[in-house]
Amino acid sequence: MAISKKEVEHVAWLARLFLTEEEKERFTKQLSQILDHAGKIAKLDTSKVPPTSHVLPLKNVFRDDRTRFSLPREEVLSNAPKREQGAFVVPKII
Amino acid sequence: MELYKLTAHELHKMLKERKISAVELCRSVFSRIGQVEDKIRAYITLTEERALAKAREVDEKIKAGKQLSPLAGIPTAIKDNMCTKGLLTTCASKILQNYIPIYTARAVERLFAQDIVLTGKTNMDEFAMGSSTENSAFFVTRNPWNLETVPGGSSGGSAAAVAAGEAILSLGSDTGGSIRQPAALCGVVGFKPTYGLVSRYGLVAFASSLDQIGPITKDVTDCALLLNYIAGHDPLDSTSLRVKIPDYMKALVNEVKGLKIGVPVELMGEGIQTEVREAIENAIKLLEDLGALCQEVSLPHLDYALSAYYIIAPAEASSNLARFDGVRYGYRTPQKVEDIMEMYFRTRAEGFGSEVKRRIMLGTYALSAGYYEAYYGQAQKVRTLIVNDFNKAFEKFDVLISPTSPTVAFKIGEKYEDPLRMYMSDICTIPVNLAGIPAISIPCGQADGLPVGLQIMGKPLDEETILRVAYTFERNFGYEEKPNL
């Protein structure tokens, strides 16, 4: 299945990725190729097949709802690209 | 003495009998690194000082007559997508180029508890996406057997390090073959355990329903030894299995008489290099001579595995990689931005490499409205068909065998511009991840002077039978070739 350049632009927006013109061209071609190959699975009749959501027979994993120590603020902030007064700094949102 | 050439189980014996010291062993490996690392480039980060300090500590323990773990003092390399507290963990990505984790991955912590000596963090395809280690944001790793060829991927650094004697043991991670395929291309042993056997806590997530950490070693005995220590339940990973872990060393029995081995025809046909197929056929013959019963079997849906994988893995990746936004850790665009959206867009565009972007795009597309059912929904159903194929085959057979990789190591750059061709490199390993079953790759000969890997697949949680077959094959095949560096 072919994917258009317009679709590539839309998907890039959904994925929060700026793409250069060159990347848009390249991805349009490559994604079409890959999706074309992946489209092979559409031929299979799976109307009676349940999807695998997980390979293990897992049930919900619960634990007691107890308060525990959280990570020290200093450690949490240690990798922050920008920080101030014990908080992460980001460009204005509103 | 060139201690770096020996295996962990041999070295442990020598350490215990005080024939060598841990410091001597550590120096041997680092002097080897000094000799060949310029050519191979297996490591992103080397930790020599830390390693020597740890080796001294182990020697103190030996001197004090304390109980010595079989892994104590053994120089071990860790793939750079496993978090190590206080030590740079980049995932070979620009977006994590300055990331210093504040915690250690469970599998690595378990090895630290056994007093391993960490040699460093190894190169890989960015976020473990790739089959050649050419997608690292930093540099390409080379195959010790032929420097013009790739070491495979994505655990190419870990496999090359062990093959070149730059580490005795290493850990890799396997999402679609990323332990087994580089192990095959570098002529070493690589094991992907049953999904959930080894905790993924602290492993930078790629495709969470497929990822699994496992050992890369020189021989099957070291593989069982390492598996013994990384397997086990972890409450911090909700997909971690609550099962009793056997002593995998006890599975190392030189006997396959009466064992039923299936050979999936789908993995021996078109697309498999002739010399690779011949090596596998010889391996089958050897196992038959040893008393195993080998027979062809068809798993008809394996032909659809690659297609399903390249929907499911990117879909999970696109969601896992959404967390890289330049706010809490990692790279942030230095450009002046108007608002936070622009910061996200620029940070991600500058931080991710082209293979990662390609997969984020693929995954986002497959999960987007209007396409979800046709792609992701259908792929998860195909996954069920593949699981059923394996279940059916395992009703009749104890293990299945195939090539690990359709070809031997290919030239650097050869497939780089053609993603679809590159994706085919994992065609024999991908079905195993979709089904969550365990599989090993062991050397079974050579073609064009490059190693060929034999893949042995087993039932879920039946690591022991796989190890037994691999051990028997190794003992009777006697592969002694080493790369000439």
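These values consider heavy atoms only, across backbone and side chains, with no hydrogens, waters or symmetry-generated copies. Note on naming: letters A, B, ... go to the chains in the order of the sequence lines (proteins, then strands), and numbering restarts at 1 for each one.
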Is any side-chain heavy atom of [X] closer than 4.5 Å to a side-chain heavy atom of [Y]?
X         : Y         : value
Val55(A)  : Leu210(B) : no
Leu44(A)  : Gln378(B) : yes
Arg16(A)  : Asp325(B) : no
Tyr365(B) : Leu31(A)  : no
Arg348(B) : Phe18(A)  : no
Ser354(B) : Arg26(A)  : yes
Leu19(A)  : Met361(B) : yes
Ile102(B) : Ser78(A)  : yes

Lys357(B) NZ/CZ over Phe27(A) ring centroid, <6.0 Å and within 45° of normal: no

Keeping [X] on the side-chain end and [Y] on the backbone end, is there a donor-acceptor pair under 3.5 Å?
X         : Y         : value
Thr384(B) : Pro50(A)  : yes
Ser307(B) : Lys40(A)  : no
Arg383(B) : Ser53(A)  : no
Gln33(A)  : Leu420(B) : no

Please classify the contact of [X] with chain A as side chain, backbone, both or neither, using a heavy-atom distance under 4.5 Å.
X         : answer
Thr239(B) : both
Tyr309(B) : neither
Ile311(B) : side chain
Ala322(B) : neither
Glu350(B) : neither
Leu241(B) : side chain

What part of [X] gets within 4.5 angstrom of chain B, counting heavy atoms only: side chain, backbone, both, or neither?
X        : result
Arg63(A) : neither
Ala42(A) : backbone
Thr46(A) : both
Leu56(A) : side chain

Proximal to chain B - members of residues 86-93 of chain A, heavy-atom separation under 4.5 Å: Phe88(A), Val89(A), Val90(A), Pro91(A), Lys92(A), Ile93(A)

Residue-level contacts of residues 64-75 of chain A with chain B, using a heavy-atom cutoff under 4.5 Å: Leu71(A), Glu75(A)

Nearest heavy-atom neighbours spanning Ile34(A) and Tyr423(B): CD1-CE1, 3.8 Å

Tyr375(B) to Leu35(A) - nearest heavy-atom pair and separation: CE2-CD2, 3.7 Å

